[in-house]
Amino acid sequence: MKKRWNVKEQAPLDKVKSLSEAIKVNDVIANLLIQRGVEDYNQAKDFFRPGIESLHDPFLMKDMKKAIQRIVDATQKHEKILVYGDYDVDGTTAVSLVYTFLKWLGLNCDYYIPDRYSEGYGISMKGVDYAADNGFGLVISLDCGIKSQDKIAYAKTKGIDFIVCDHHEPDDKLPDAVAILNPKQSDCKYPFKELSGCGIGFKLVQAIAIHYEIPFSTIEQYLDLVALSIAADIVPITGENRILTYHGLKRINSAPRQGFKAIMELAKLRREVNVSDLVFVFGPRINSAGRIETGKNAVELLIADTSQKAMLSGESVNKTNVERRDVDATITQEALNMILTSEAQRKKKTTVLYNPEWHKGVIGIVASRLIEKHFYRPTVIFTKSNGSITGSARSVKNFNLYQAISSCSHLLEQFGGHKYAAGITMKEENLPAFIDLFEEVVSKTITENLLNPEIDIDCLMPFSAISPKFNSVLKQFAPFGPGNMTPVFYAENIITKKAPQIVGNGHLRLSLAQEDNPGITFSAIGYEMEEYINMLSSDKPFKICYSLRETEWNGVKSLDLNIRDIKA
């Protein structure tokens, strides 16, 4: 797949020199920091050492005082509280966090995770009936509820109040809840708008702790769950999220909860955990529970208080993750075949596919895989569920998928999400009209550039500038993620020092140098890049974009290059 290289604008030289002198780093590091909004000593201090004291006051969030008062009232009346959350990583971490804290406080509470297949996403009528039948007077919804006007109105007729904690885009009309905690409300003055659902749950817990004068050190144990939610839900790791992730990772690596220990053992993760591990090791296992069986299994793992309970739950989610991978691979291939056998589909600027037999639990993963590996288009994958068709939508970089779907809302029964991902439910007879209208809307609003994947490149960096000292500073830019991605560099006039090798599943193993300085050689890996082997086998120099990677073999650490793309 052809990629566009976007070399970022370089910082003004005077700013680079000023910051370089102020914090005693080289110009490349200073430029990288300025590109990330760090321009002076104090900002650099906050960037490299994110402090808990910089977290915002939770009472700045609209309705937080109302939420706390309602929980206090429930406590005084010995009212039963139901902690209700979505079945994905963000929802199950949020439920685990809030439920565990309320239980620790001694409140009469339980938790509820809806079934993906019989109830679907968000608040369900079945969930409300469960609360009513079991005597719950208050429901705290996490990572869902902002679009559940009808369900929350129904709950009110049953004498049940809701506190909604959600980070998805709100509609103009909001549910009739006692309190709505969502910084994306237009009149919410909370300074940081990009919290995860679990992050908002943590702010609720932080506010409760302040109310009861519980020291912050007591609730720091929950930051591991927040870090996992931030990584898995792909929210920006900037501002408050950077602080929460930084300290959450410290917690995971110093005193992991039993459930995390079980995941690390089962995944044979023997090194320090980073954001990438949360995304690719922890996240899929937690998600698989809700995709294949039930999200309750994930909560049981996350709240396990003994190693025996954790390992039992861990083995269960590990098994469902293996099943999920097999189902995902099969459906991805079937979807790819549908595209390859339809010339009309390949010419479109959207991909919308439907098979009533596809597994609802993996269609979001399939949509992402089609975009990443094969056809870089806004994509919706549909299957049949409970008499309707349900779909998972994924977008390409810088295209607002949510707005495009909103333009088709009259054809939909329900939809929700954000700029890059959404869920859709509609009547099957509306699918042809949706396919045509979605294609029309996207075609009018997307540019040709956005239909080719883009690699953001920080700056030019020759091999001679790479050193262990440089990399040690670069590692302190972590945690990496949206808003602070792993730095990517480019270099020109590259030559191969040895014949390229294909290893593993189509990966390139290379030994590279620059034509004007052939004495400096680096090992490199290009994942799934075997298509470039003919180009590299010629004598002509080429250019690469790459990031640095530290490897260890027999106790010896070395630096090599992770190739992101190659151009003649």
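Note that this is a predicted model, so its numbers are computed, not measured.
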Quick check on [X]: does its [atom1] atom have over 12 non-hydrogen neighbours (other residues, nucleotides or ligands) under 6.0 Å away?
{"X": "Lys126", "atom1": "NZ", "answer": "no"}
{"X": "Leu105", "atom1": "CG", "answer": "yes"}
{"X": "Glu429", "atom1": "CD", "answer": "yes"}
{"X": "Lys427", "atom1": "NZ", "answer": "no"}
{"X": "Lys65", "atom1": "NZ", "answer": "no"}

Are any side-chain N or O atoms of [X] and backbone N or O atoms of [Y], one a donor and one an acceptor, separated by less than 3.5 Å?
{"X": "Thr332", "Y": "Ala329", "result": "no"}
{"X": "Asn241", "Y": "Glu194", "result": "yes"}
{"X": "Asn297", "Y": "Val317", "result": "no"}
{"X": "Lys80", "Y": "Asn134", "result": "yes"}
{"X": "Ser443", "Y": "Glu440", "result": "no"}
{"X": "Arg285", "Y": "Val281", "result": "yes"}
{"X": "Lys147", "Y": "Cys144", "result": "no"}
{"X": "Ser313", "Y": "Ala310", "result": "no"}
{"X": "Tyr84", "Y": "Gly122", "result": "yes"}
{"X": "Asn253", "Y": "Leu249", "result": "yes"}

[Y] and [X], any side-chain heavy atoms less than 4.5 Å apart:
{"X": "Ile140", "Y": "Tyr99", "answer": "no"}
{"X": "Val273", "Y": "Phe282", "answer": "yes"}
{"X": "Lys397", "Y": "Asp456", "answer": "yes"}
{"X": "Tyr420", "Y": "Leu401", "answer": "no"}
{"X": "Leu244", "Y": "Leu195", "answer": "yes"}
{"X": "Leu353", "Y": "Leu370", "answer": "yes"}
{"X": "Leu437", "Y": "Ser407", "answer": "no"}
{"X": "Pro482", "Y": "Ile234", "answer": "yes"}

Whether [X] engages the ring of [Y] as a cation-pi pair (distance to the six-membered ring centre under 6.0 angstrom, angle to the ring normal within 45°) should be assessed.
{"X": "Lys296", "Y": "Tyr112", "value": "yes"}
{"X": "Arg257", "Y": "Tyr222", "value": "no"}
{"X": "Lys419", "Y": "Tyr402", "value": "no"}

Check against ring pair (Phe, Tyr, Trp, His ring centres under 6.0 Å), Phe477 and Phe48 = CA-CA 7 Å; Phe477 277 49; Phe48 286 117; 5.7 Å; yes
message = Tell me which pairs pass salt bridge (Lys or Arg N to Asp or Glu O under 4.0 Å) where either residue lies in residues 306-328, with sequence neighbours left out.
response = Asp305-Lys309, Arg324-Asp328, Asp328-Arg369
remark   = From the list Asn318, Asn321, Ile286, side-chain contact (heavy atoms from CB on, under 4.5 Å) partner of Ile263 resolves to Ile286
task = Using the side chain to side chain contact (heavy atoms under 4.5 Å, CB included) rule, take Ile152 and Val128 through it: C-alpha gap first, then chi angles, then the decisive distance, then the call.
result = CA-CA 8 Å; Ile152 291 175; Val128 174; over 6 Å; no
query = Who are the salt bridge (Lys or Arg N to Asp or Glu O under 4.0 Å) partners of Glu265, not counting sequence neighbours?
reply = Arg270
task = Test Glu439 against Arg377 for salt bridge (Lys or Arg N to Asp or Glu O under 4.0 Å), laying out the working first.
result = CA-CA 11 Å; Glu439 171 70 17; Arg377 304 282 186 269; over 6 Å; no
Minimum heavy-atom separation for [X] and [Y], please, with both atom names.
{"X": "Ala367", "Y": "Ser392", "result": "CB-O, 4.0 Å"}
{"X": "Ser96", "Y": "Leu302", "result": "OG-CB, 3.4 Å"}
{"X": "Gly201", "Y": "Leu142", "result": "CA-CD2, 3.8 Å"}
{"X": "Ala67", "Y": "Ile163", "result": "O-CD1, 3.6 Å"}
{"X": "Leu174", "Y": "Pro170", "result": "CD2-CB, 3.7 Å"}

For Asp57, all residues meeting side chain to side chain donor-acceptor pair (under 3.5 Å), sequence neighbours excluded = none
query = Which residues pass the side chain to side chain donor-acceptor pair (under 3.5 Å) test with Asp233, sequence neighbours left out?
reply = His167
inquiry  = Show me the pairs that pass side-chain hydrogen bond (donor to acceptor under 3.5 Å, both in side chains) and involve residues 173-189, at least two apart or across chains.
reply    = Lys62-Asp187, Lys156-Asp176
Ignoring hydrogens and angles, write down the donor-acceptor pairs under 3.5 Å from the side chains of residues 206-220, residues two or more places apart or on other chains.
residue	atom	partner	partner atom	Å
Gln206	OE1	Lys203	NZ	2.7
Thr218	OG1	Pro215	O	3.3

inquiry  = As a quick check of understanding, evaluate side chain to side chain contact (heavy atoms under 4.5 Å, CB included) for Val235 and Asp90, giving each step before the final call.
reply    = CA-CA 11 Å; Val235 291; Asp90 198 12; over 6 Å; no
Test: Glu79 and Arg70 ion pair at under 4.0 Å = yes
Residue pair Tyr354, Phe434: steps toward the ring pair (Phe, Tyr, Trp, His ring centres under 6.0 Å) verdict = CA-CA 12 Å; Tyr354 169 56; Phe434 173 82; over 10 Å; no
query = Could you walk me through whether Phe101 and Leu204 pass the side chain to side chain contact (heavy atoms under 4.5 Å, CB included) check?
reply = CA-CA 11 Å; Phe101 179 72; Leu204 176 64; over 6 Å; no
request  = Apply side chain to side chain contact (heavy atoms under 4.5 Å, CB included) to Ile303 and Lys103, showing your working.
outcome  = CA-CA 11 Å; Ile303 67 175; Lys103 289 291 281 187; over 6 Å; no
key: Chi angles and distances behind the side chain to side chain donor-acceptor pair (under 3.5 Å) call for Glu240, Tyr190   = CA-CA 11 Å; Glu240 196 162 35; Tyr190 194 75; 2.6 Å; yes
